[in-house]
Amino acid sequence: MMHPDRCFDADPQVRRVARELYDLTRSLPIVSPHGHVDPRLLATNEAFENPTALIVSPDHYVLRMLYARGVSLESLGVPRRDGAPVEHDPRAVWRLFARYYAVFRGTPTGMWLDHELHALFEVDAILDAASADRAYDAIAEKLASPEFRPRALFERFGIEVLATTDAASDTLEHHVAIQRSGWKGRVIPSFRPDAVFRLASRDWCDAVAAVAAASGRSIDSAEQLIVVLAERRAFFEGLGARATDHGVLEPFTEAVSPGDAERLFQRGCSGEATAADQRRWEGHLLMAMARLSIDDGLVMQLHAGAFRDHNEPVRALFGPDRGGDIPIATEFTRNLRSLLNAFGNDSRFTLILFTLDEATYSRELAPLAGHYPAVRLGAPWWFHDSVEGMLRFLERTTETAGIDKLAGFTDDTRAFCSIPARHDLARRVQANWLARLVSRHIIDTSDARQLALALAYELAKKSYGL
Amino acid sequence: MMHPDRCFDADPQVRRVARELYDLTRSLPIVSPHGHVDPRLLATNEAFENPTALIVSPDHYVLRMLYARGVSLESLGVPRRDGAPVEHDPRAVWRLFARYYAVFRGTPTGMWLDHELHALFEVDAILDAASADRAYDAIAEKLASPEFRPRALFERFGIEVLATTDAASDTLEHHVAIQRSGWKGRVIPSFRPDAVFRLASRDWCDAVAAVAAASGRSIDSAEQLIVVLAERRAFFEGLGARATDHGVLEPFTEAVSPGDAERLFQRGCSGEATAADQRRWEGHLLMAMARLSIDDGLVMQLHAGAFRDHNEPVRALFGPDRGGDIPIATEFTRNLRSLLNAFGNDSRFTLILFTLDEATYSRELAPLAGHYPAVRLGAPWWFHDSVEGMLRFLERTTETAGIDKLAGFTDDTRAFCSIPARHDLARRVQANWLARLVSRHIIDTSDARQLALALAYELAKKSYGL
Amino acid sequence: MMHPDRCFDADPQVRRVARELYDLTRSLPIVSPHGHVDPRLLATNEAFENPTALIVSPDHYVLRMLYARGVSLESLGVPRRDGAPVEHDPRAVWRLFARYYAVFRGTPTGMWLDHELHALFEVDAILDAASADRAYDAIAEKLASPEFRPRALFERFGIEVLATTDAASDTLEHHVAIQRSGWKGRVIPSFRPDAVFRLASRDWCDAVAAVAAASGRSIDSAEQLIVVLAERRAFFEGLGARATDHGVLEPFTEAVSPGDAERLFQRGCSGEATAADQRRWEGHLLMAMARLSIDDGLVMQLHAGAFRDHNEPVRALFGPDRGGDIPIATEFTRNLRSLLNAFGNDSRFTLILFTLDEATYSRELAPLAGHYPAVRLGAPWWFHDSVEGMLRFLERTTETAGIDKLAGFTDDTRAFCSIPARHDLARRVQANWLARLVSRHIIDTSDARQLALALAYELAKKSYGL
């Protein structure tokens, strides 16, 4: 069920080198500088509730694949916002999941799930309707044991550092709790102030108020907002944060004058802001965040191009993050020019770019990273975190940017138990890609060994200053 | 001339598995749910006129390749609209075709032609100037025999079902004739009302009038048009239709108010409609067609992104479909949102998307099909129906959408004798792609066997409800 | 350090065929129809100054990669426009270059540099900090010998013809000197009138004046400008030019009326031209250049989509061509329609298209070349002139356009000593790609041999009429 040579090319020469390189990296510690694990897990260290709550419910990769086959979210136990009844029996949800397990064949989600089921939980049969109950019971039994508590798993997974993603207004209580607990696991926050970017949203005023409340300050102007955000960044950094993160539809940046910034702020306050206002506001805040990064050293991550909540009926019934996010074509060259002209030549600044538009890999991102000192390329994101997706990313970026301008692998997951599966898959694909270069004598074996370590471990540490 | 292992990777392991998978599918019946064969062929069952009329003249894939080398369309016997003389001797055209045959090397058209010449017509030499006459005579002799009449070929090809593409105003007389003839071959129409979509075209009023005439009704409003289109769909369905098809430049959809729809209709009637009007009108009609699909169960196909008649001088002299259609960048995420929000969550609806813009495969189409229950992905279309094109499609869509959300293979051809060649090529590429997955232990052999059958046969039947 | 099988797939069958095909082409003369070598080199035939001046300073591929790692351009000896001091010791620059040499691993620049160092200059160690001085001395010694003068290298490289790229106002004095010198090397100019295209630039009037001065005529109107440009083209052609070249951000073309053209010209003269004016003006001049090509037979090259001088601070300090050019998404289908409708069906016209947007390969460029007789596809350009980049280009264009519609390889280099390295890499990749086709029985060995010669040599000669 888990072939030791999975993801390696059949060609005997490539496979031999791939195995050798993978053997160098498979047991390296896991550096996870960007992800969405709930820090509460590791603060409370309570046992996971049941196999469904662990593996199915928090993973919108899984939910969307089942939903796309006509499986209702109600039957998968996703709570409705109107309180209408949904499936409450985790075992019933698990059986449904198992019945549809074949839809994951050939997908990265399928490979991660196989890894979790067979390597972590030692389930001894392929999951399907027949094996569903047995698998459920086997996992449930393991979850009840101390070895499967979150902190024990964290250690068993060999996680050296795990970054979470947290709102600007977050109290970071769980991070505080973890650090006070005496447990040695390194769990750090990341500063994601998206809510105060969305000027035209109904929730913008509340978001600003929340940041104000968290900092014990009032915010009546664009300028004050930046001051308070700088304080919040310092608070995050005090708890170990190494990076900010920004999710925008379009990576537009602009040097907005102070007067215009204030006018935009006031339009947001009065609820009059348009989409065009928001675009400029976001362009302004990205500039401000880059400027702050030069002072406080936080690495800036930019995740651009996800059209969130594309499926409005699903959002209305079930809320966000249920699988209805669809990418759009994304433009970096013109959009980032203001920011890069202002800060991209500064050696104190690091900007890590993520895209869902693969057409930009060779056209825009690699040339940008291959010229601006500040720019690094984030791992292939979301839909592209897959065997073929990672190969395409490596093939299309490294010839122009150079391998050392990548930011290493980020798992970007909410699903705690998928972390080792994701890193393992990435290390396999990296090893196989390097083996292809070696077998074509484009690099030699000694270079390949160095680069395997870099891709699997060192570049992430270095890029995020960990 | 036709190596039994063509299209299979050289690697011995991949090749062994590819052969095994191909052996499972090579003799399966052909399901052809979308194409452009003239139903008259099978209604009259007359012998094909000559090799040129069969192989060269109806195939704009062939015409464009020769034209691109400076071969005039006149010398290829394409009739001019001004009646000026063109080559009338089919043998002379054939010789020209043969002289240029080397230009097809490494193209799918070349592989299909080889298949037709060598496998079907048993021509025993590579086509070139020297072998032209001998090949012509050999084919002509075969065409005169009863075994090469259209229906005999239909049966020999193992076609289980063949869908044609027909205007909304079509009387479907040939489909009626086929069904009355007592012949058992299943030839079904598809409903393609493109002419009534093109509001700004000079021919729009005539197109509406033709639909009205076909239905024996008058059409004086947008609302009536929809009613009559619903009747026409029912008429098509009565003759076996399973699908509609829509060719649009941009897949824009919008919920247009009834009042606006009427205003657009009236502007079309008065010849005042602009390109912007047409865009909204098309967005409105696509919504209306989706709504009707939920009632009558016809599968909706969308072919977006071909800039038709790019070469205006060629169109003016020779009419449409002479090879001058060029793709444009295409946007699905925002354009389809209205339609998918309204109907994409409905289990009664199937929308099959085709694109000429490969950048959308992983960026938009796979995420849409990997979330919305209604969406399936059509086979790689037109320029992308090729060895590398199919591999790129499979690699870029299946990791996100899952293999079972593909709609199987469609040959999309006007060239009747290329049907088995096209399906054979597709089955070879599918087998080889699956073999690559098996050899990398991403799927196992038993899964690969199931998926080979699905890709070659079952998914097309299932997606089109055949 | 230079494996004889580099770039060939590990698969024994593919490698065997790749070797055989490469052996056919490796020693063919070099045809270089497009590049940026300074003709002064070959006119004066002076020895190269030192290894740094030869290998590091003129190569913006090298400069951008080092700059992207935080190496200052000052420390690389790039002169500042404000005269501020920069490193003047070429050996110090060389040591810095050597220290960072590992960043080129897996990049085409690295492969070209290795070829230059080890094959041409017989440096016997991998370049790094330790070997820097030894390598510098070895190269410097060679450069002092007559065998390493430019003309001797030209002959040793086996260059059959080398085209330079020259402004419309250029006196071509070096070309004249070469031809008068009695030396037999064929060095020809190319006509690149970009400066008179940039209507909205501050330098436009000077550019027009320079062309006027070069021709000894006055230019007071758009019409006169075209007349003078026609004369300049004839002058270039008299010195052997076979092609024009046009660098535009967007390949927009439009049939502008004479009156509008004059108004645009006058706006340029008065310094009032906007970006929109320039767009139309460029569209008009491209049409005019195509029209002239039909008369004088010069092949038209179009290089579209480079956003020049993206890094304004670097441009302000160091001037253009320091690595800060970033591609943008590019549209050909609609933009080229006016030009292709007017001239694309004319057998006297050749238009060679280059792009930095790989998404257009299969979507727009191959369909255009696969239909219009005038269109050919230029080699993968700039960032895409790499192992994987060339493979992607070949895979995505040839199935639709046919192999014989490519324009062969162009090295496009300023770095004289990289010419054989670049052609060698291209011939290896071409051989390997053809070997993949042979091993899958898509073409046979005899076709592959012909096509290898075509790709390496004949297509360039034929496309440029050399």
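Computed over heavy atoms, backbone and side chain alike; hydrogens, waters and symmetry mates excluded. Letters go in sequence order (proteins before strands), and every chain restarts at 1.
- For C:M65, the parts sitting under 4.5 Å from any heavy atom of chain A are the backbone and the side chain alike.
- With a 4.5 Å cut-off on non-hydrogen atoms, A:D11 touches chain C through its side chain but not through its backbone.
- Legend: residues meeting side-chain contact (heavy atoms from CB on, under 4.5 Å) with C:A84, ordered by chain and number and at least two apart, are C:R80, C:D82.
- For A:A369, the part sitting under 4.5 Å from any heavy atom of chain C is the backbone (N, CA, C, O) and nothing else.
- Chain A forms the most heavy-atom pairs under 4.5 Å with one residue out of C:A329, C:G70, C:A359, and that residue is C:A329.
- With rounding to the nearest 0.5 angstrom, the CG atom of A:L368 is 4.5 Å from the CD1 atom of C:I326.
- Looking at heavy atoms from C-beta onward, C:D325 lies out of side-chain contact with A:H371 at the 4.5 angstrom threshold.
- Annotation for A:L451 and C:R105: closest pair CD2-NH2, 3.7 Å, computed over non-hydrogen atoms.
- Scanning residues 387-405 of chain A against chain C with a 4.5 Å heavy-atom cutoff picks out A:E395, A:R396, A:T398, A:E399, A:T400, A:A401, A:G402, A:I403, A:D404, A:K405, ordered by number.
- A ring-centre distance under 6.0 Å is not found for C:F8 and A:H441.
- Looking at heavy atoms from C-beta onward, A:S362 lies out of side-chain contact with C:F383 at the 4.5 angstrom threshold.
- Between the side chain of C:D5 and the main chain of A:S439, no donor-acceptor pair closer than 3.5 Å is present.
- Interface remark: A:L434 contributes no atoms to any contact with chain C (heavy atom separation under 4.5 Å).
- If you tally non-hydrogen atom pairs under 4.5 Å between each of C:H3, C:M2, C:E312, C:R15 and chain A, the highest count goes to C:H3.
- Annotation: the span from C:D309 atom CG to A:R337 atom CZ amounts to 8.0 Å, rounded to 0.5 Å.
- With contacts defined as side-chain heavy-atom distances shorter than 4.5 Å, the pair C:R6/A:I442 does not qualify.
- Side-chain contact between A:E364 and C:I328 is absent, with no heavy atoms from C-beta onward closer than 4.5 Å.
- Counting all heavy atoms, side chain and backbone alike, C:G106 lies closest to A:I443 at N-CG2, 3.9 Å.
- In this structure, C:E358 and A:R363 have side chains that are not in contact, with every pair of non-hydrogen atoms separated by 4.5 Å or more.
- Note that OG of A:S446 is 7.5 Å distant from CD1 of C:I126, once rounded to the nearest 0.5 Å.
- Side-chain polar atoms of C:N311 and A:N345 form a donor-acceptor pair below 3.5 angstrom.
- Interface remark: of the candidates A:R436, A:Q13, A:E331, A:Q13 forms the most heavy-atom pairs closer than 4.5 Å to chain C.
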